[in-house]
Every structure is written in C-alpha cells, then in structure tokens.
Amino acid sequence: MRKHEINGPVHPSSSGCKGRTVRSPAHQPNFNSRAVQEALEYLASVELSELFNEAKIEYCRATRDLRRCGRYLKYVLNSCGHASLCAECCQRCDLCPICRILLASGNNRLRLRLFDECIDAGLISRRYGDIFQNKEDRDDQMNADVQRLYSFFDVSLENNLVSLVCHYVTDICMDETAVSSDAITALLLDEKVVKDWSSGSLKILQQNFNRYVSLNNYLKVGEMEKSLTLSGILEVLESSFKGRPLAQLHDLHHLQESILKTKQHLEIIMWCIRLQFLEHVRSRHANFTSWHNLVREIKSAATARAWPDVVDRSADSTRQDGSLFTEDALANLDIEQAYDQELGEESHFTFLLRDSASFSRSKIEGLIGCYPFESLQAAVDILFLRGSSDLVVAKQAIFVYYLFDRHWSRPEEEWRDIVDDFATSFGINRHSLVESFILCLLDNHTDEALQNPEAAHMVLRWSGRDGGSQLVSLSETVTVVWVKVECRLLTEAFTYQRMLCTKVREKNFKYGPSEDGQCRSWMDWTEILVSELCCLCIRRNLVDRIIELPWNSDEEKYIHKCRLDCATDDPSSANGSLLVVFKLQ
C-alpha cells in the first residue's frame, strides 16, 4: 500500500520545520511551491524497503585512472534505481556498476535522491547536507547514515506523515526476513534507531517549549501534536519489543511515560501562559512565608484534633499524627514517584524545568514538604513532572485545591472565572470542583473556613442542589435555607422553601405521608422551614424584609407565631411593632 493513501492528503503541519535540530532548515520552506509538494509526495510514496537505502551515503563507483571516482552521489539511475554514478561519470558510462543494466539514453538518466530532493525543497538544512560531501567526514559513516534516516523521520513528523515511521517499525524493523550482513544496513533495520530518534525528538520538543516560555509566548498547537505522535510511535515500538528482554521493554515504557508527562505538563503551562501565570490575580496570602506559616498552623490543628488510635485502646494510647487531605493526595504521588526515580526517568525533564530549585527540593524532602508551592510554575513542575502520568486526574485535583487555597477568601468575582476556565479547559466536572473546594475548607481550621456562607453557597450551586428542582431531606433543605439567608438571598430562600413544600404536598397527595421517620406531612415541612427562615431573619436583622414577601395563608400563621414568640421574649425589640404592621397588611 502506498504511504500517502494511509496518511491522507500531504500537507504541512502548523509547526513547520523551524527550530528542530541542525537537520532542519533555518527558515520555513514555501509549502505552496511545487518542489516542496513533490518532495513530500516522494517521501509519502517511497517504498519502505528503499527508505534505509535512500538514507545511506553513496559514492560514485566509476573507475578513473585505475581508481574509483569516489564523488558524493546526489542522484540515482532511472534505469535501475541504484545510486552508483555521479552526474559526470554517468555521461561516459553505459552500464550501472552494480547491476550492469544498460543506462537509459538521452538526458533522462538521473533523478535526485530523496535526501537531496528534500534539501533542494528546503525541508532539510542544506548546510547539514553539505557535511556529507566532505571526504574527511566519511570515517563516521554509520552515524551519518543514521542521522540521514532521522532527517526523513523529522520531515515526516513535521508534515503529518508520521505513519511512515510507524510502518517503518512494523514493516521493516519487525520483518524477520529483513536482515543484512552489512553493519550499517543492520543498524538501520533495528528498532533501536526509531527509539533513539523518539528520545532525541522529545528533548528537542522540550527545548522548543523552554524557548517559548522564556519569551512568554503561546506554544504552538503543533508542539502538542508532536508529543501525541511520539507517544503513538512508541506504542507501535512497544508491541514490536514483546518477547524481548524485559529491560528493553522497561526502557521503552519509561520513554513513553516521559512523553506523556511532557504532554500533560505542556497543556497546563499553555493554560498558565494564557492567564499570565495569575500575576494580576491577587492571592489571599500576603506572601509565601505567611502562606507557609498558615499551613503549619493548619497541620498543628489537624494533629491536635486527630482521633486516638482505634487499634491501641490502652491508657497509653497516643494520637495519630493528623494529616491534611492535600498531604494524603501528595503522598500517593510520592509512592508512584519512588519507582520512577530508581529508573532515572526525571533526566528527561531537564529542559522543561523553570523552577529547578523547587523541583530539586521536592526530590529531597518529598512532595508533602513542598506544599504550599512557592509559585504557580513550581506547582506545575512538581505536580505534572513527578508521579505517574496515569495519575493526571489526581494531579489536576490537587492543582484545583491549590487554586482554591490561594484565593477562596477573596471576593468571588476576582477568581471564580479562573477555576471555571481551568475546569472547562481540562474537562473537570462540577462534582470534582466541589470536592476539591470542600477538602480545602475542611483542611482549614479557621472559623472563616467553617462558617463561610458564600463558600457554602458556591458549593451548593456547583453541586446543582440549590434550585429546588429535586426533593431532598428536610435537614438538607434547612441547610440550604440557612445558607441563602446568611448570604442575604432572602427572596431565593423564600422561593426555595415554597418550592420544596409544594413538592412534598404533591407527594403526600399522591402517595400519602412517608413512614421513614421524617416529617409526615407537608404542613410539618412548611412549619419548620418558615419558622427557620423567620428566626434566621430576626437574628440577622432582616425582619422588615419578611413583610415584603408574598406569604400565603398557611405560611402566615407560622410567621405570626414565630414573631409573636420573639416579641414576647424581647418586648423592647422591633418585632412587636413590625408584627402589627404585618397583621395590618
């Protein structure tokens, strides 16, 4: 099957070829030019069994003065496809020196080799190609041939022809009949060539990332596509290594793990760059030192309130060292990280680190000792470059916890959109957001965290249980009413209790009163909810606003009873006079 049929239409990726390695041109080629399109078509349709031959450097085999010409060859013979004669010797020879086939007549004897056609089209750096024409560089021919094969893979990766690399693995490297006694050819047929190219491409991808972040630019989408592409190639490679020594599989697995971590890290960094690393969003902490001290206080409070050891019931039983939710989550990442450190995987991330000091400290002190992270960049580096890539959901949850911990006591309009944007960007549902926020508040020992009505209202809203669309327990209904009144959302509280009481009444009429130990009739619900709402308003000096609400006759008697009781208990309050106004209305 022709490779362009597998890949689909041949067209350049948005990333272009700029900034890859010395194999790549200094400037992007003109992808609308005929030369570029023909070179890409040639690469897409080349027989894979000939690709490694196209990568090998060849020199002219014609004899001159009892010795070979030895010139570097840019052309192959049209008659047989062999790279055996230079342009000058081709004019005076009649037979191919390799197969002895008669050469074509006229001027149509030669065509450019694939490598040189890519150079002429600007897909490969001309300066890189020139080094192979120097005789003094011929000693390291094995490495040169490998580098030329890499250049074909580079062009494929840059121009949406990655299946060429995958098919090279499956059709050539995995072909047991594809063997050679020639050391250079044998090396080009080995899977290790593709693995080493993938490893080098990962480093280049990371270097490009480092340059973009240094310039505070957006990363190109093509850089993300390349990381996904490399991961796909390694999956094909991993299947080819089945049945091989276990060490080879481990090495390949951890290279793929590095690529997945790089992708996950780049995704978060792209989000941070778009939001300018939250530099213009005020933190609730004055500085890192105050945040660090607060976490120590919270940790001490958690230790003080930890339950006694349930196993040791003796009089000498001591308290457990209380842990925070975020510590437990980071500890899970640390467990996975220990295995990665044994295999030295973190050496792949040198070019990605922007806060190397924090990252190094996390390796010495463990992830738990790194919270709170010194900066947003440190949070991204430590979370998404450590631990298994399979734990990306847990890492995102910890990152959301970090965002909440950084902002939650500030006015909601300053930071709510940031959390929502992160959730939308990475497919985090409302339930997970609420869970991270609740854990953040539960870790915090201050009264503000435990009695924050705005935070509680946010949790209710994000959970979707504050609208009254579904029937919930009476205790939960009372909690919702309490939260809404505390947030001065009196009209919402009134509407919510009315809606819930109506649902209970409809249920009673249809099925009769419940026998589950809850209130048996909708009148019980009405009395409890209206009385609770009225008492809360009296406590918060919102009595005058109660009069404005459109109570029905059933609700009014409980309003009257509640306010009469309060006026009786405290005759000097305004409840008595407002009760008269309420009765007149």
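Keep in mind it's a predicted model, so treat the numbers as computed, not measured. Basis for what follows: all heavy atoms, side chains included, without hydrogens, waters or symmetry-related copies.
Pairing each heavy atom of C96 with each of L103, the nearest pair is N-CD2, 3.8 Å. Contact between Y42 and L112 at its shortest, heavy atoms only, is CE2-O, 4.0 Å. Shown here for F277 and Q377, the closest heavy-atom pair between the two residues is CE2-OE1, 3.3 Å. Residues A186 and S180 approach most closely at CB-O, 3.8 Å, considering heavy atoms. Contact between C69 and C60 at its shortest, heavy atoms only, is CB-SG, 3.7 Å. Contact between L123 and V155 at its shortest, heavy atoms only, is O-CG2, 3.9 Å.
Atoms CG and SG, on L85 and C90 in that order, are 5.5 Å from each other to the nearest 0.5 Å. The CD1 atom of I268 sits 7.0 Å away from the SG atom of C272 when rounded to the nearest 0.5 Å. Distance check: S198 OG to E191 CD gives 12.0 Å after rounding to the nearest 0.5 Å. The CZ atom of F384 sits 5.5 Å away from atom CD of Q396, with the distance rounded to the nearest 0.5 Å. For the atom pair CG (L43) and CZ (F115), the distance works out to 12.5 Å, reported to the nearest 0.5 Å. To the nearest 0.5 angstrom, I57 atom CD1 is 5.0 Å from D145 atom CG.
With sequence neighbours left out, S33 forms a side chain to side chain donor-acceptor pair (under 3.5 Å) with no residue at all. Take Y371 and apply the ring pair (Phe, Tyr, Trp, His ring centres under 6.0 Å) test, not counting sequence neighbours, and it matches F373, Y401. Looking at residues two or more places apart in sequence or on another chain, you find a side chain to side chain donor-acceptor pair (under 3.5 Å) between N429 and S432. Partners of R416 by side-chain contact (heavy atoms from CB on, under 4.5 Å), not counting sequence neighbours, listed by chain and number: E412, D420, R430, R461, W462. Evaluation of the ring pair (Phe, Tyr, Trp, His ring centres under 6.0 Å) rule for H285 yields W291 as partners, not counting sequence neighbours.
Within the 4.5 Å cutoff, no side-chain heavy atoms of W197 are placed close to those of L202. Looking at heavy atoms from C-beta onward, V36 lies in side-chain contact with L40 at the 4.5 angstrom threshold. By the 4.5 Å heavy-atom criterion applied to side chains, Y150 and V193 are counted as neighbours. A 4.5 Å side-chain heavy-atom check between V400 and F404 finds at least one atom pair inside the cut-off. Two residues are said to be in side-chain contact when any heavy atoms from C-beta on lie closer than 4.5 Å; S79 and L102 fail this criterion. Counting heavy atoms from C-beta outward, R386 and L333 have side chains that stay 4.5 Å or more apart. Contact check for V281 versus I418: side-chain heavy atoms found under the 4.5 Å cut-off. Looking at F325 and L330, their side chains never come closer than 4.5 Å, going by heavy atoms from C-beta outward.
Judged purely by atom type and a 3.5 angstrom limit, K395 uses its side chain to pair as donor or acceptor with the backbone of S388. Checking side-chain atoms of E54 against main-chain N and O of L114 turns up a donor-acceptor pair under 3.5 Å. No donor-acceptor pair closer than 3.5 Å links the side chain of D443 to the backbone N or O of L324. The main-chain N or O of S181 is never found under 3.5 Å from a side-chain atom of T185 such that the two would form a donor-acceptor pair. With hydrogens and angles ignored, the 3.5 Å screen pairs no side-chain donor or acceptor of N78 with any backbone N or O of A104. Although no hydrogens or angles enter the test, the distance criterion places a donor-acceptor pair under 3.5 Å between the side chain of S151 and the main chain of R148. A donor-acceptor distance shorter than 3.5 angstrom exists from the side chain of S375 to the backbone of A378, with no hydrogens or angles considered. In terms of modelled atom types and a separation under 3.5 Å, the side chain of K261 and the main chain of G387 share a donor-acceptor contact.
Taking the six-membered ring where the residue is Trp, W271 and F399 present perpendicular rings, their angle passing 60° and hence far from 30°.
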- [ ] Report the C-alpha separation of E267 and F426 in whole Å, then their side-chain angles, then the decisive distance to 0.1 Å, and conclude whether the side-chain contact (heavy atoms from CB on, under 4.5 Å) test is met.
- [x] CA-CA 9 Å; E267 288 175 337; F426 297 97; 3.8 Å; yes
- [ ] Quick one: do D116 and Y72 satisfy side-chain contact (heavy atoms from CB on, under 4.5 Å)? Show the steps, please.
- [x] CA-CA 11 Å; D116 295 279; Y72 170 82; 3.5 Å; yes
TODO: Test C440 against T326 for side-chain contact (heavy atoms from CB on, under 4.5 Å), laying out the working first.
DONE: CA-CA 8 Å; C440 178; T326 184; over 6 Å; no
Task: Derivation and outcome, salt bridge (charged side-chain N to carboxylate O under 4.0 Å, His left out), residues R113 and E117 - done: CA-CA 6 Å; R113 300 187 71 192; E117 187 167 339; over 6 Å; no
Open item on the list: Could you go through D381 and H265, starting from their C-alpha distance and side-chain angles, then the distance that decides it, and tell me whether this counts as side-chain contact (heavy atoms from CB on, under 4.5 Å)?
Closed with: CA-CA 7 Å; D381 288 349; H265 182 266; 2.7 Å; yes
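Under 3.5 Å, the side chains of H431 and E435 contain no donor-acceptor pair of N or O atoms. Defined by atom type and a distance below 3.5 Å, a donor-acceptor pair is present between the side-chain atoms of D175 and T177.
Taking the six-membered ring for Trp, F52 and Y168 have ring centres at least 6.0 Å apart.
Among residues at least two apart or in separate chains, side-chain hydrogen bond (donor to acceptor under 3.5 Å, both in side chains) pairs with a member in residues 85-99 are R64-E88, R71-E88.
Just one residue in the list S84, C93, C99 forms a side chain to side chain contact (heavy atoms under 4.5 Å, CB included) with L77, and that residue is S84.
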